[in-house]
Participant: 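I have a structure I would like to understand better, so I am pasting it below and will then ask my questions one at a time.
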Protein chains: 2
Amino acid sequence: MPSYNASAKERILDVAGEIFGEKGFKNATIRVIARAARVNIAAINYHFRDKESLYGAVLEEVFSQGFSRFPANMDLAPDADPQQRLRAFIRAMFYRLQSCEGWGGIAGRGRLIARELVDPSPAFEAILDRYIKPHRDLLLTIILDIMGTDPGPRKLMPCVLSIIGQCVYYAMASPVIRRISIDNAPTEENLDRLAEFVWLFSLGGIAKIKEETHLPSKEAV
Amino acid sequence: MPSYNASAKERILDVAGEIFGEKGFKNATIRVIARAARVNIAAINYHFRDKESLYGAVLEEVFSQGFSRFPANMDLAPDADPQQRLRAFIRAMFYRLQSCEGWGGIAGRGRLIARELVDPSPAFEAILDRYIKPHRDLLLTIILDIMGTDPGPRKLMPCVLSIIGQCVYYAMASPVIRRISIDNAPTEENLDRLAEFVWLFSLGGIAKIKEETHLPSKEAV
DNA sequence: GCCAGTTTCAAACAAATGTTTTATTCTCCT
DNA sequence: AGGAGAATAAAACATTTGTTTGAAACTGGC
């Protein structure tokens with residue numbers, strides 16, 4: 001995070017992430033961003049051409065930093081079994097999405113990603129290829145290793161989506177979750193606890209899916 | 001769904017749901033809504049005072065219709081066991097969120113709800129009390145019935161969120177899911193298949209959580 | 001010391017957009 | 001038929017907002 005005396009370009013990039021995340025692309029105005037970055041309005045267009053390009057740069061910066069600060073194998077022993085790899089994957093996802101050091105939880109950049117999932121901007125296509133798809137593939141192999149056998153794409157991909165869905169939902173629906181639940185402040189303790197829960201829940205889910213897959217006797221429709 | 005010859009007010013309400021869902025509140029302009037509803041711009045302000053009130057009316061209408069068309073006990077036998085009640089709950093949620101008769105999946109009103117989860121509008125507060133919270137409480141009792149014993153709020157509420165999270169994620173991230181997965185068109189067959197998957201996955205998750213809860217021997221930190 | 005290139009600044013521009021106004025048409029009751 | 005109230009239409013208004021412009025200030029190298 002750029003300090004108070006960082007260059008104008010860095011300050012803009014940093015502040016824009018916060019404001020885009022909080023307000024969304026359309027509601028965030030370059031005037032507000034400029035004021036928060038202590039910069040003239042024209043400086044934004046000078047350094048980033050236009051608002052949309054600035055947004056693209058922010059998106060790339062946010063993903064790059066998020067994945068390098070919290071890689072999917074965070075705190076993982078080199079010889080860890082697939083269950084522990086899943087645990088690390090989920091925990092990294094929680095920290096990346098919600099911790100202050102990551103995408104900042106409720107008020108911060110996490111919502112920027114949430115918004116992209118709901119309606120992706122043009123700049124998101126590159127993010128998909130560079131970050132999301134490799135991340136999905138990693139989870140795919142972890143699940144395959146846990147199961148031991150391939151249940152086929154009709155079961156495997158939903159496993160991926162169910163696991164990612166849980167992680168993402170906590171982050172993207174946090175404004176509502178805070179209203180219908182409690183204890184969801186993104187403190188380190190809560191993130192660890194929730195990640196642990198989602199891990200166990202998902203292990204149970206994977207086991208159940210595997211069990212049902214290898215009991216094809218019930219209904220051979 | 002109001003027919004071609006419905007009253008102007010009905011046409012506006014109907015069309016506004018579609019356009020708000022597709023573009024979001026800020027990006028949807030009353031001029032576009034007016035043209036699509038074959039109505040003068042001023043008619044919107046005449047019938048709904050201002051844009052924000054129109055949005056509030058749309059939100060209420062969307063939730064009211066969604067929950068009455070697909071109640072959480074959809075197709076459920078009166079004497080069903082808690083597992084079947086969970087199945088119906090999840091299936092109703094998928095249909096409500098994604099089917100054409102419901103909130104219309106990808107291009108339709110489903111994304112309106114997704115946007116509300118990410119950043120709720122002032123009008124959402126009432127929706128929370130009238131629809132979301134009772135819905136959450138219903139799921140709470142179902143999970144309690146499945147488990148048989150109360151694992152405490154630290155385990156119970158996350159179960160709710162994990163289940164709802166899976167359902168919502170399929171709907172709200174559908175633009176991205178379509179890109180990283182396949183077979184996710186909201187046809188009746190696919191919705192049934194996915195709901196069935198999420199049901200099994202969640203049953204496994206609940207079982208695992210229950211199992212871990214009643215093995216408190218491992219680490220009594 | 002001076003100059004080319006870079007960066008910052010204030011002001012203005014043009015387009016979009018929610019809202020209001022005023023007039024006209026429609027509807028229905030007596 | 002007539003008229004009061006509801007509904008619709010066209011135009012104008014006031015703001016907001018992304019972008020551009022042209023000048024000023026700054027920076028580093030000769």
Participant: Starting at the 5' end of DNA chain C and moving along, which residue's nearest nucleotide shows up first, A:Tyr46 or A:Lys26?
Facilitator: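 Nearest-nucleotide comparison on DNA chain C picks A:Tyr46.
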Participant: Counting the atoms with a prime plus P, OP1 and OP2 as sugar-phosphate, which does B:Ile41 contact under 4.0 Å by heavy atoms, base, sugar-phosphate, or nothing?
Facilitator: base
Participant: Output the rounded distance in Å from NZ (B:Lys23) to C1' (C:dG18).
Facilitator: 17 Å
Participant: Does the pair B:Glu196/B:Arg87 count as a salt bridge with the N-to-O cut at 4.0 Å?
Facilitator: yes
Participant: Return the nearest nucleotide to the side chain of A:Ala42; candidates are D:dA12, D:dT20, D:dT17.
Facilitator: D:dT20
Participant: Under 4.0 Å between a side-chain N or O of A:His47 and OP1 or OP2 of C:dT6?
Facilitator: no
Participant: Both A:Asn40 and A:Thr29 contact DNA chain D. Taking the nearest nucleotide for each, which residue is further toward the 5' end?
Facilitator: A:Thr29
Participant: Please step through salt bridge (Lys or Arg N to Asp or Glu O under 4.0 Å) for the pair A:Arg179 and B:Asp129, ending with a clear verdict.
Facilitator: CA-CA 10 Å; A:Arg179 279 191 176 78; B:Asp129 290 333; over 6 Å; no
Participant: Send over the distance from A:Phe20 CZ to D:dT17 C1', rounded to a whole Å.
Facilitator: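 For the pair A:Phe20 CZ and D:dT17 C1', the rounded distance is 13 Å.
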Participant: Please report, rounded to the nearest Å, how far the C1' atom of D:dT19 is from the CG atom of A:Leu54.
Facilitator: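 Rounded to whole Å, this separation is 14 Å.
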Participant: Would you classify A:Ala28 as touching base, sugar-phosphate or nothing, given that sugar-phosphate means primed atoms plus P, OP1 and OP2, and contacts are heavy atoms under 4.0 Å?
Facilitator: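 Sugar-phosphate only.
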Participant: Do B:Ser202 and A:Phe201 have side chains that get closer than 4.5 Å, going by heavy atoms?
Facilitator: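 When only atoms from C-beta onward are counted, A:Phe201 and B:Ser202 do touch, with a gap below 4.5 Å.
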Participant: In whole Å, I'd like the distance from the CZ atom of B:Phe48 to the P atom of C:dG18.
Facilitator: 16 Å
Participant: Is it true that the NZ or CZ of A:Lys9 lies under 6.0 Å from the centre of A:Tyr46's six-membered ring and within 45 degrees of the ring axis?
Facilitator: no
Participant: Among the candidates D:dT17, C:dT19, C:dT8, find the nucleotide nearest to the side-chain atoms of B:Asn45.
Facilitator: C:dT19
Participant: In whole Å, I'd like the distance from the NZ atom of A:Lys9 to the C1' atom of C:dT7.
Facilitator: 12 Å
Participant: Tell me: CG of B:Asp50 to P of D:dT15, nearest whole Å?
Facilitator: 17 Å
Participant: Measure CG/B:Asn27 against P/C:dA16 and give the value in whole Å, please.
Facilitator: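 Distance, rounded to whole Å: 14 Å.
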Participant: B:Ile33 has an atom CD1; how far is it from atom P of C:dT17, in whole Å?
Facilitator: 11 Å
Participant: Might you point out which heavy atoms bring B:Pro122 and B:Glu52 nearest each other, and give the distance in Å?
Facilitator: CG-OE2, 3.7 Å
Participant: Can you tell which of C:dT20, D:dT19, D:dT20 lies closest to the side chain of A:Ile30?
Facilitator: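 Of the options given, the side chain of A:Ile30 lies nearest D:dT19.
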